[in-house]
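Below, chain A is the first sequence line, B the second, and so on; all start at residue 1.
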There are 2 protein chains.
Amino acid sequence: MQKEPYNMYSFLLDRTARRVKQYAQATFSSKGFDITLDQWMVLKNLYEFKDLSQKDLAERCGKDQPTLTRIVDLLAKKGLAERQIHPSDRRSFTVHLTEKGVEKVEGLSPEIKEIRTKAWENLNENDFKHLERILNSIYKNLEF
Amino acid sequence: MQKEPYNMYSFLLDRTARRVKQYAQATFSSKGFDITLDQWMVLKNLYEFKDLSQKDLAERCGKDQPTLTRIVDLLAKKGLAERQIHPSDRRSFTVHLTEKGVEKVEGLSPEIKEIRTKAWENLNENDFKHLERILNSIYKNLEF
DNA sequence: TACTTATATTTGTTATACTAAATATTGTTA
DNA sequence: TAACAATATTTAGTATAACAAATATAAGTA
């Protein structure tokens with residue numbers, strides 16, 4: 001554990017975020033979902049918001065553009081999503097789910113809803129409010 | 001933003017942890033520290049606890065062993081740390097700072113103490129207590 | 001002692017994060 | 001319109017994360 005207080009909080013934050021992600025990913029794997037958590041986040045956004053540009057998709061998923069490009073590559077390779085030329089801007093692509101991608105999202109959605117709960121056991125409504133407020137406050141402190 | 005509450009908290013946690021790390025890393029780079037945040041964590045632990053085995057070092061830094069092996073490789077390549085054969089267990093190495101590594105830690109320590117504060121602006125003592133308690137609670141929920 | 005199991009480390013593979021640079025296209029302005 | 005700046009995407013390089021498998025050594029047991 002780090003000794004300096006701020007370093008300690010950074011350490012806890014990083015360690016906890018990694019464990020939550022790791023736990024969800026392990027559950028994905030053990031259930032044979034055959035996608036990563038990050039890929040799921042992209043699929044979910046594509047399902048809810050059709051035909052987003054990669055830039056908007058990156059924004060919604062909280063990823064940078066190179067990372068999103070590669071995730072879309074992987075989803076395309078798995079036949080779950082496709083790029084389409086943007087009708088009015090040839091620099092841009094819109095991305096949309098294939099039929100297989102739609103089926104994937106609809107098939108996994110109910111299962112995934114139930115995965116997260118273990119992480120949040122023993123936390124009450126107030127804890128969630130605090131957590132959300134504090135995390136957003138940190139995030140905003142570091143904007144730009 | 002994710003809609004399911006638990007997904008939303010996971011998203012916030014991940015996003016915030018990444019931004020905190022990214023901010024610290026950017027400051028490291030702009031000041032020409034020439035190490036990563038994770039490398040710093042390893043150096044700091046080596047400075048405080050001489051001659052840790054790689055396993056103990058990994059434990060202290062919250063990293064798995066393959067990751068720690070690679071960080072030690074990088075520190076060794078930079079001449080900041082060295083492996084030594086463990087006196088009684090030939091499977092094991094102890095790692096220690098070189099003279100250059102000690103100088104690095106002592107030179108950077110005061111600067112690094114001041115980097116973190118921006119992330120924690122606008123948070124009060126109570127917020128820190130909540131954050132620490134909640135993060136530890138989540139972490140423990142997912143043990144094993 | 002021979003066999004088995006456990007441990008410490010390394011290696012390999014895949015995915016993500018971040019930066020910088022390259023490419024193509026669009027928008028702006030002199 | 002020609003030059004320039006801005007934007008969307010991709011590519012490349014390095015670091016970290018997670019997992020599985022390989023290697024060497026140690027410890028426990030029949």
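Look at NZ on B:Lys78: it is 12 Å from P on D:dT14, rounded to the nearest Å. Whole-Å rounding puts the B:Arg18 CZ to C:dT19 P distance at 12 Å. Nucleotide C:dT9 holds its P atom 8 Å from the CG atom of B:Asp89, rounded to whole Å. Between A:Lys55 atom NZ and D:dT10 atom P the separation is 13 Å, expressed in whole Å. Summarising the geometry, the separation between NZ on A:Lys63 and P on C:dT19 is reported as 15 Å, rounded to the nearest angstrom. As rounded to whole Å, 15 Å separates atom P of C:dA15 from atom CZ of A:Phe28. D:dA17 atom C1' lies 12 Å from atom CG of B:Asp14, rounded to whole Å. Between A:Gln25 atom CD and D:dT16 atom P the separation is 21 Å, expressed in whole Å.
At the phosphate of C:dA8, neither OP1 nor OP2 sits under 4.0 Å from any side-chain N or O atom of B:Gln54. Residue B:Lys21 places at least one side-chain N or O closer than 4.0 Å to OP1 or OP2 of D:dA17. For A:Arg15 and D:dT16, the shortest distance from a side-chain N or O to OP1 or OP2 is not below 4.0 Å.
In this structure, B:Arg18 and B:Asp14 have side chains that are in contact, with non-hydrogen atoms separated by less than 4.5 Å.
No continuous path of ILVMFWY side-chain contacts below 4.5 Å connects B:Trp40 to B:Leu74, so the two sit in separate hydrophobic clusters.
On a pure distance criterion of 3.5 Å, a polar donor-acceptor pair joins the side chain of A:Arg70 and the base of D:dA12. One cannot find a donor-acceptor pair under 3.5 Å joining the base of C:dT26 and the side-chain atoms of A:Arg91. Between the side chain of A:Arg90 and the base of C:dG27, no donor-acceptor pair under 3.5 Å is found.
Atom-to-atom distance recorded for B:Leu108:CG and B:Glu103:CD is 11.0 Å, nearest 0.5 angstrom. Rounded to the nearest 0.5 angstrom, B:Lys31 NZ and B:Ile112 CD1 are separated by 9.5 Å.
No hydrogens or angles considered: nothing links the side chains of A:Asn7 and A:Ser10 as a donor-acceptor pair under 3.5 Å.
When the nearest nucleotides of DNA chain C are assigned to A:Lys77 and B:Arg83 by heavy-atom distance, the more 5′-ward of the two goes with B:Arg83. Between A:Gln22 and A:Thr94, the residue whose closest nucleotide on DNA chain D is further toward the 5' end is A:Thr94.
Counting non-hydrogen atoms under 4.0 angstrom, B:Ser92 reaches the backbone sugars and phosphates but no base. In this structure, B:Gln39 reaches the sugar-phosphate backbone alone: every heavy-atom distance under 4.0 Å involves primed, P, OP1 or OP2 atoms, never a base. Within 4.0 Å (heavy atoms only), A:Ile71 reaches sugar-phosphate atoms of the nucleic acid but no base atom. Among the atoms of the strands shown, base atoms are found under 4.0 Å from some heavy atom of A:Asp64. Across all strands shown, B:Gln65 has heavy atoms under 4.0 Å from base atoms, whether or not it also approaches the sugar-phosphate. Nucleic acid contact for A:Thr69: base, since at least one base atom lies under 4.0 Å from a heavy atom of the residue. Using a 4.0 Å heavy-atom cutoff across all strands shown, A:Thr36 reaches sugar-phosphate atoms only and no base atom.
In this structure, of D:dT10, C:dT10, C:dT16, it is C:dT10 that holds the atom nearest to the side chain of B:Pro66.
Between the B:Lys118 side chain and the A:Asn141 main chain, a donor and an acceptor come within less than 3.5 Å of each other.
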